[in-house]
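Proteins get letters first, then strands, A, B, ... in listed order; numbering begins at 1 in each.
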Amino acid sequence: MTADAPLLSVEDMSICFGRPGISTNVVDGVSFTVSPGEVVAVVGESGSGKTLTGKALMGLLPRGAGVSGGRAMFRSGKGGHCDLFRCTRRELRALRGTSISMIFQEPMSALSPLHTVGDQVEEMLRVHESISGSACKGRVLDMFGEVGFPDPERAWRAYPFELSGGLRQRAVIAMAMIANPRLVIADEPTTALDVTTQAQVLDLITRLQRDHRMAVIMITHDLGVVANMADRVVVMRRGRIMEAGPVREVLHQPGHAYTRALIEAAPHVPDTMPTRTPMPDDAIVTVRNLNKTYPGRSRSFGPPDPPVQALADFSLAVGRGETVAVVGESGSGKSTVAKLMLRAECPDPGGVMTFRGRDGVVLDIPSLKGGELDAFRRKAQMVFQDPYAALSPRMSVMDILTEPLLIHGICSRKERKDRAANLMRRVGLAPSHLGRFPHAFSGGQRQRIAIARALALQPELLVCDEPTSALDVSVQAEVLDLLEELKEEMGLSYLFISHDLAVVARLADRVAVMRRGHVVEEGPAETVFGDPRHPYTKALMAASPDPDCNQKLDLKLVAAGAGKPESWPEPFAYSGTAPPLVEVTPGHRVRRQAA
Amino acid sequence: MTEHYVSDAPYDPEADRQVLDRADLDAATWVLVWRRFRRHKLGFACGIFLALVYLALPFVGFLAPYGPNEIHEDSINAPPQGVFFTHAGSWVGPSTYAVEMVPDRDTFTMREVVDDTKPMPLRFLAACGKPHEFLGLFETRARLICPAEGGTFHLLGTDRLGRDIFSRILWGAQLSMTVGLIGVTVSFVIGLVLGGMAGYFGGWIDATVQRAIEVFRSLPELPIWMALSAAIPVNWGPISVFIMISVILGLLDWPGLARAVRSKFLALREEDYVKAAELMGAKPSRIIRAHMMPNFMSHLIASATLAIPAMILGETALSFLGLGLRPPAVSWGMMLNDALNLTAVEIYPWILTPMVPVILVVLAFSFLGDALRDALDPYS
Amino acid sequence: ETPGLAGAVAKGELPPVAERIPEEPYVTVMRPGREPGVHGGTLRMFVSRSKDVRYMAAWGYARLVGYDRNYDLAPDILRDVEVEEGRKFTLHLRRGHRWSDGHPFTTEDIRYWWEDICLNEELTPGGVPGELLVDGERPKVTFVDDVTVTFEWSAPNPEFLPALARARPVYIYAPAHYLRQFHAGYTDWHKLEVMAEAAGARSWAQFHNRLDNLYNFDNPELPVLQPWVNTSPKNGRRYVLERNPYFHRIDVNGRQLPYIDTVELEIAAAGLISAKATMGEATLQARSLTFADAPVLKRSEATGGYRTLLWRSGAANQIALYPNLTHVDPAWRELFRDRRFRRALSLGISRKAINKALYFGFAEERNLAALEESPFFDAANATAWARYDPDAANALLDEIGLVERNAAGIRLMPDGRPLEIIVETAGERTVEEDALQLIALTWHELGIRLIVKTLDRDNMRNRAYAGRAQMVVWFGWNNGIPTAESSPHELVPIDQANFSWPRWGQYYQTKGSAGEPPDLPSALRLMQLFADWSHATTRKAQRAAWREILAIHAEEVFVIGTVARAPMPVVADARLANVPDEALYAWDPGAQLGVHRMDEFFFRPETRADASPAGPAE
Amino acid sequence: MIRYLLRRTGTMLVTFMVISFLVFLIINLPPGNILTNQIAEMRASGEEASIAKAEQLIETYSLDEPVVVQYLIWVGAWPGSHGFSGLLQGDFGWSFELNRPVIDVVGEYAALTAIVNLAALIFVYLVALPLGTIAAVKANTWIDYLAGLIGYIGLATPNFLLALILLTYGARYFDLPIGGLMAREFEDQPMSWAKFQSILVHLIAPTIVIGTSGAAVIMRRLRANLMDELYKPYVETARAKGVPPVKRIIRYPLRMALNPFVADIGNLAPQLVSGSVMVSVVMSLPTLGPILLQALKAQDIFMSAFILLFVAALTLIGMLISDLLLALLDPRIRLGGRRKAA
Ligand SMILES: Nc1ncnc2c1ncn2[C@@H]1O[C@H](COP(=O)(O)OP(=O)(O)OP(=O)(O)O)[C@@H](O)[C@H]1O
Ligand SMILES: Nc1ncnc2c1ncn2[C@@H]1O[C@H](COP(=O)(O)OP(=O)(O)OP(=O)(O)O)[C@@H](O)[C@H]1O
Ligand SMILES: [Mg+2]
Ligand SMILES: [Mg+2]
């Protein structure tokens with residue numbers, strides 16, 4: 001920590017949504033300072049006011065919101081101070097970009113779809129500096145190189161939608177950095193990215209921050225990220241600061257109950273996994289050699305896209321009472337597995353997929369019809385990723401919970417209501433909330449309701465497609481606990497889909513790691529986590545940040561595993577057709593060239 | 001700032017879990033909609049205005065001082081008649097003077113001759129004029145306002161046949177205000193069925209509907225209007241003609257709606273909660289009824305309120321082209337059509353007054369539509 | 001010499017005026033109140049459709065024989081016409097008369113029409129016009145010399161001369177020198193086909209017919225005999241008509257007519273014409289102005305620099321109801337044929353109310369009859385059954401036996417149907433519909449319900465001709481000012497165009513192959529009178545026939561009239577002279593402006609600066 | 001790209017065929033045709049002689065055949081009385097009402113129609129774009145309400161009435177000319193500066209009348225579209241860059257919000273003809289609308305059929321153009337074959 005005065009000092013800042021009469025502060029009395037070259041992390045659950053804090057500093061508060069108190073003294077270039085909350089718009093505009101800039105959360109929507117990436121990045125320079133076009137371009141290309149674009153020229157010409165998520169985030173970072181600001185506010189720069197990309201982006205930010213000696217305010221709710229990046233931490237909850245201090249102290253000796261809860265909730269892959277019961281012979285779902293190809297999207301213009309092989313030669317068995325996890329990066333075909341298994345879609349012909357209920361009847365899932373399909377629907381249910389989208393906004397919780405029973409004509413009205421109340425209790429919500437509508441609930445509560453709905457028919461198999469990735473860590477932990485509890489109680493079998501190995505590590509009995517439609521490694525959880533063989537599995541594990549300042553990201557591993565299959569080390573590399581799964585130890589199979 | 005700050009605020013995860021995220025949103029959807037709608041002062045006022053107007057429609061016979069086609073030979077092209085309360089300095093209550101229109105051979109106009117010696121008090125809640133059917137139940141001569149015995153009361157003047165414009169506007173509202181409702185219903189039935197089928201089933205149905213829409217939209221409305229109007233059997237009564245006109249307006253309006261319905265259906269089908277219902281084993285009919293429709297209704301209501309003004313204007317346009325209603329039916333479009341000449345604009349400007357209700361109603365519907373759209377938007 | 005043409009004459013492009021007019025020109029004798037004028041000026045008028053340029057063929061009103069200001073027939077283009085026994089007509093052309101392109105107008109032009117057009121089956125598939133047939137017999141046409149031709153029948157043809165004098169006359173001449181080049185009899189057939197093809201015509205005959213249309217007035221190349229010559233290609237937005245340098249009329253001072261150099265016809269929406277008139281953009285305007293426009297026109301007189309005149313409609317009646325005596329439904333036919341019923345209907349109309357509401361009392365309330373300008377005017381005819389007398393009407397209806405009424409107070413027909421008369425209207429005039437509304441009110445008192453049905457004009461006609469329209473509202477007879485020579489065909493059951501008896505008319509017109517023969521005694525009497533008129537060799541006999549026809553109509557009320565002599569505004573520039581202040585505006589006879597001799601109108605030369613009509617367009 | 005165009009053209013032709021048949025059917029729905037009507041008129045005025053001529057025309061133009069046959073003859077896929085002579089052979093028909101070839105009439109009026117509507121279009125965008133943008137940016141302020149009110153009143157006033165009022169008072173107080181598209185003395189003249197000026201002056205009233213309702217619609221739509229875009233993160237990004245407001249709004253959300261309007265180009269053609277009919281009738285503008293109205297009323301079938309077909313063709317072409325333009329404006333939409341270039 002340098003001795004010189006802080007670059008920014010926020011004192012007693014309050015933000016309110018000013019509807020006359022009912023304006024309550026959503027950010028209340030927040031104070032912190034940022035020194036040059038320092039990384040300050042702002043953490044806290046969703047809705048705690050992190051983003052608003054960041055936006056307030058940029059003068060970008062949404063309509064209706066306003067700073068209701070406090071000041072934010074920013075040391076401008078010549079040593080003078082100015083209060084960001086009291087600048088004129090013009091002064092603020094001059095500060096933006098050159099002195100303070102912001103990295104936004106969603107790289108796709110943060111970039112205009114109609115302009116090339118180069119154009120948008122360059123605009124930052126054109127707005128603030130009068131330099132020639134070619135000089136501009138030169139600087140942008142340099143910056144693109146610096147943020148790790150493999151081909152800066154191409155990136156310059158590309159439109160945002162032509163870039164992958166990681167590259168887009170790089171473009172956004174480049175935009176924030178290009179004018180050499182002294183303070184960068186990074187608002188959850190990695191939450192939209194999958195873990196391997198996240199690791200690379202975090203590394204990039206650290207590197208740039210060091211090289212350019214910028215101060216960074218890092219907004220996140222992920223303590224793992226904090227541990228890897230920050231010098232100091234500010235923990236927020238409900239618009240107030242709960243705890244603030246140097247990162248080590250806060251993470252390792254948390255003073256506040258909330259911080260402790262947060263740290264406990266943060267998932268991480270344990271060093272040693274408890275040995276779980278081996279897979280029972282009684283498989284509830286058996287899948288063998290399944291393929292699924294989506295026809296390429298036909299466009300209104302031009303030839304249709306080539307078909308997408310979403311799932312290739314997929315085999316998996318879910319034992320009764322077992323939790324099988326499917327992990328893998330975005331787009332690797334995880335959801336496709338879920339959809340096929342629930343007969344939301346039909347697989348390509350060939351392959352086997354059967355369901356065997358408790359009653360011993362074996363159903364061939366792809367060919368189900370009529371009454372059999374109804375029976376199957378009662379036994380297999382799904383929990384969706386986005387708790388906000390999964391509940392119809394026009395139905396009360398009561399309607400939502402009784403609907404499955406209504407559809408299948410089970411029970412009388414009275415019984416249905418009782419069951420709904422029971423379900424509410426079961427998922428930890430008060431039955432008095434039954435009359436309410438989904439929009440009154442928080443994300444975690446909604447996910448509980450969604451789970452309750454899935455349980456209403458007392459299914460045997462529950463497919464959870466990333467049930468927690470939309471929730472913040474503390475809520476996520478609660479939901480995971482709930483799922484675990486339910487499993488014990490009701491003897492459920494889970495197919496659990498996630499891209500986060502750390503989450504999976506808590507629940508799974510067996511794990512299948514997927515990459516581009518293929519399972520690359522599969523086996524009992526303890527073996528996969530304890531003895532990962534495939535470079536991609538290793539990369540995934542290496543990429544999940546731990547909330548522990550002593551275990552920083554191992555980027556080398558990430559880089560080795562996350563690339564294209566061709567770039568994987570032998571004997572895993574392939575191009576064209578994939579090699580087969582090879583059993584390395586009993587029950588543990590890895591996709592590699594046969595030795 | 002190297003110190004380690006710890007707040008003394010308490011933290012209890014269990015209490016946290018039960019607390020509602022947005023307590024202010026804790027109510028049934030329609031309550032929330034109603035609340036948001038009420039915040040829209042203008043839209044709300046317009047809603048009330050329209051509700052009152054529609055409620056008043058059945059009672060027009062009672063409210064209007066005269067019948068729609070009552071001809072007053074002696075009050076041709078009479079200007080609006082003033083209502084005054086005092087006469088010669090003394091209070092007489094709302095009264096009019098006797099007015100006679102006499103031809104003026106120099107200007108070729110009817111000249112107003114006012115006899116301002118004798119005030120003629122208006123009568124309220126009295127019986128006068130020709131009997132009218134009250135709610136289609138019985139005939140009565142009871143009216144809210146009656147001119148004095150032997151006097152006249154032309155609040156907005158009279159037209160070229162001496163028909164009371166104020167009364168005609170009221171009577172015209174009966175048709176003009178309902179033309180939109182019927183038209184919108186027709187357009188919605190067609191649009192919903194076709195667009196819904198296209199959106200829900202896709203495939204060749206979708207392709208066919210899409211082509212039909214394309215064809216429909218590449219034709220100017222004019223020939224379709226004319227062809228459809230020509231298809232109305234000429235010997236139909238005014239009410240059937242009126243319904244046909246509404247139907248025609250509806251027939252012309254459906255493609256836009258069908259497109260909206262289709263895309264909305266396509267989008268709704270992809271919603272997680274619809275998928276969830278499917279995975280629960282719900283039948284398509286139930287999915288459409290219980291899941292898609294409620295979420296689509298708001299959109300429909302909003303577009304309906306926005307479509308009605310277009311229909312009201314469409315009726316005036318049809319009247320203009322001579323394809324619309326015919327006397328003795330009365331509609332605002334027909335009244336405006338009567339006003340469509342220089343003489344009306346220059347010499348008898350009061351004949352243009354039906355413009356006012358048209359504009360008012362169109363404005364009211366538009367603002368109501370806007371307010372509804374905002375109120376029904378779950379994200380606002 | 002006309003100043004406008006002096007330049008051309010000086011350059012030798014035109015012969016001097018003495019050589020341009022016929023050797024025996026038509027010397028106009030001005031009617032009282034008119035004065036000889038001076039040359040020059042432009043007359044601006046508006047019409048609403050592009051094909052309306054043809055009105056100039058009517059308004060110019062140069063006819064072989066035409067009606068004069070007293071609505072008597074008199075030679076015009078012809079120097080003279082001699083009639084023998086009403087069946088032999090000798091036409092004398094004016095020697096030295098020329099077409100508007102300077103080519104002499106001779107009997108060759110009549111021969112060309114007769115032999116090469118009229119008798120050519122391809123050009124005239126319909127054959128000789130009906131007016132030239134007497135009992136199906138064609139005239140014997142003899143070309144005596146350059147300027148003399150005779151038309152001769154074995155029986156009198158009283159329709160021949162009126163046909164030549166009509167607003168839309170039977171043209172028995174055509175510019176042979178111009179048309180020959182398009183005639184297969186004179187020009188190479190192949191060359192013609194090529195020309196026709198290029199013009200988009202399907203055959204040479206069609207091509208020829210298209211070019212040869214003296215009435216349509218839309219072929220600027222076609223030579224004419226009218227006072228003004230169209231110079232604009234057809235279907236422009238504006239037609240410019242220049243004076244015909246070879247026009248055959250001169251005034252008493254020897255000035256060649258017309259006085260006015262140029263007539264401009266501009267196309268404007270019918271609804272806009274009155275607006276344009278108020279701005280002073282029209283120097284003469286009668287068409288498309290209705291009485292409803294009169295107040296505005298009057299009000300803007302000063303700013304527009306014009307006068308508003310109120311002429312009167314020359315139709316026998318402005319709004320008339322035609323009960324269909326040949327309706328296909330026997331019950332209705334029965335009723336309509338009962339003259340008590342027709343009289344009751346007539347008595348049930350408050351003509352005063354109609355006059356007051358629609359014409360502010362400026363029109364005359366009367367039934368169908370000849371107007372004052374006609375020698376047959378008879379006040380008794382005009383007012384017969386024309387008073388408003390609901391009691392008498394009700395009594396008549398009761399007498400017929402229409403006593404039962406339904407709950408709504410509507411009388412029931414013998415077969416139990418309510419007495420609902422559907423009146424069909426073309427919906428082209430608001431006054432018509434307004435009048436019907438007024439009539440509906442008073443008929444309601446009689447226990448008769450009137451239902452208005454608006455149809456397209458052609459649809460309405462076709463329905464009426466088929467006997468399916470119960471009652472039609474239209475103008476009363478076109479000819480409100482019959483003279484002895486006028487054909488009474490409108491008044492007798494020989495023409496399906498009369499909505500009172502379309503099927504009787506058809507029977508006559510198709511010689512019995514369609515329709516039905518008249519069987520009503522009064523109708524048979526009318527037929528007889530028509531025959532008398534047709535074969536009459538004396539004016540007196542014709543007059544007698546006419547009188548009786550009119551009397552029968554007044555008594556029988558075949559057509560129910562409402563008001564006549566309806567006022568209609570005419571706008572004339574303040575400086576335009578010789579425009580009558582009061583006049584009859586009628587199509588036939590009269591040709592609207594035609595009988596008022598537009599060629600005599602002129603602009604007073606007083607050139608006060610402020611008198612010039614200042615439209616904003618300038 | 002070429003393949004794409006070929007395919008689109010193919011489907012367009014099929015649609016066009018269907019439309020042409022429908023058009024022909026629709027205008028033949030009312031009983032009778034112009035010639036039978038003319039015959040009725042001639043009967044009424046006692047011109048028996050001309051009737052035979054008209055009857056001959058009916059035969060020449062095969063108007064006595066069943067509609068399908070008439071259609072085929074009109075298209076030129078069936079021999080009429082003069083062999084194959086129809087659209088396919090380049091014979092666009094004859095207008096009985098105007099007595100001249102249809103193509104001449106359309107040719108003459110199409111240009112004027114384009115002028116009037118182009119002026120209206122320019123007016124619409126000149127008014128609607130700024131107003132709509134301001135209304136969106138200042139949503140729910142008095143500026144927004146005022147703009148909304150003006151727009152709605154424009155929308156709510158029946159066009160033809162506005163035309164009449166403007167005509168009357170415009171002529172009285174502002175010396176605006178009444179009706180027409182140019183002063184009469186310029187009618188047949190070649191283009192000159194004075195004529196151009198005259199046309200401009202004459203265009204004022206129609207432009208305002210046709211434009212107001214159009215502007216109102218576009219304004220409201222633009223406001224809605226823009227409000228959707230205005231708070232998108234990429235706009236916030238631009239704010240974070242410190243881009244000045246006006247530039248920011250024009251460069252990002254406005255451009256995005258304009259896409260739906262580009263997509264609407266196809267509908268311009270029918271609107272041009274239908275939308276301004278009444279105004280044109282009232283204001284006596286020499287445009288295709290009144291010609292179509294007149295032709296439809298007179299049942300001048302070849303005339304109306306051709307105009308309708310012409311409009312349909314323009315619409316289809318407009319749709320194609322709008323698709324191409326959209327692809328040009330929005331890089332997310334790509335035409336076949338252009339991928340590699342990007
Ligand atoms: N536009 C808005 N209108 C109303 N309330 C808002 C708005 N934006 C934010 N809020 C409220 O302000 C509070 C703080 O929001 P903020 O976006 O700062 O949270 P956050 O900590 O960034 O959450 P997340 O982790 O979900 O991004 C929340 O309770 C939220 O509901
Ligand atoms: N309906 C569909 N039509 C076409 N392609 C599809 C469809 N659904 C999925 N795909 C493609 O199939 C592949 C696998 O998709 P899937 O949804 O199973 O991935 P995922 O692993 O669940 O990803 P995420 O973590 O983002 O949810 C992807 O490339 C996707 O683009
Ligand atoms: Mg946030
Ligand atoms: Mg997924």
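- Taking OH of B:Y5 as the reference point, atom NE2 of A:H256 lies at 8.5 Å (rounded to 0.5 Å).
- Looking at A:R377, its side chain does come within 3.5 Å of a backbone N or O of B:E278 through a donor-acceptor pair.
- For a residue to count as touching a neighbouring chain, one of its non-hydrogen atoms must lie under 4.5 Å from one of that chain's; by this rule A:L373 does not touch chain B.
- Contacts between A:R240 and chain B at a heavy-atom distance below 4.5 Å are absent for every atom of the residue.
- Side-chain contact between A:K339 and B:L279 is absent, with no heavy-atom pair separated by less than 4.5 Å.
- At a 4.5 Å heavy-atom cutoff, the contact between A:M242 and chain B is made by backbone and side-chain atoms alike.
- For the ring pair (Phe, Tyr, Trp, His ring centres under 6.0 Å) condition, the pairs that include at least one residue of residues 257-283 of chain B, sequence neighbours left out, are B:F265-B:F296.
- Top candidate by heavy-atom pairs under 4.5 Å with chain A, chosen from B:K275, B:E271, B:R286, is B:R286.
- The candidate from A:A257, A:S392, A:G255, A:G444 with the greatest count of non-hydrogen atom pairs under 4.5 Å with chain B is A:S392.
- Although no hydrogens or angles enter the test, the distance criterion places a donor-acceptor pair under 3.5 Å between the side chain of A:H408 and the main chain of B:M280.
- The two atoms that bring A:I407 and B:A282 nearest to each other are CD1-CB, 3.4 Å, heavy atoms only.
- Residue contact with chain B, scored on non-hydrogen atoms closer than 4.5 Å, involves the backbone and the side chain of A:L342 alike.
- At most 12 heavy atoms of other shown residues, nucleotides or ligands fall within 6.0 angstrom of atom CZ in B:R259.
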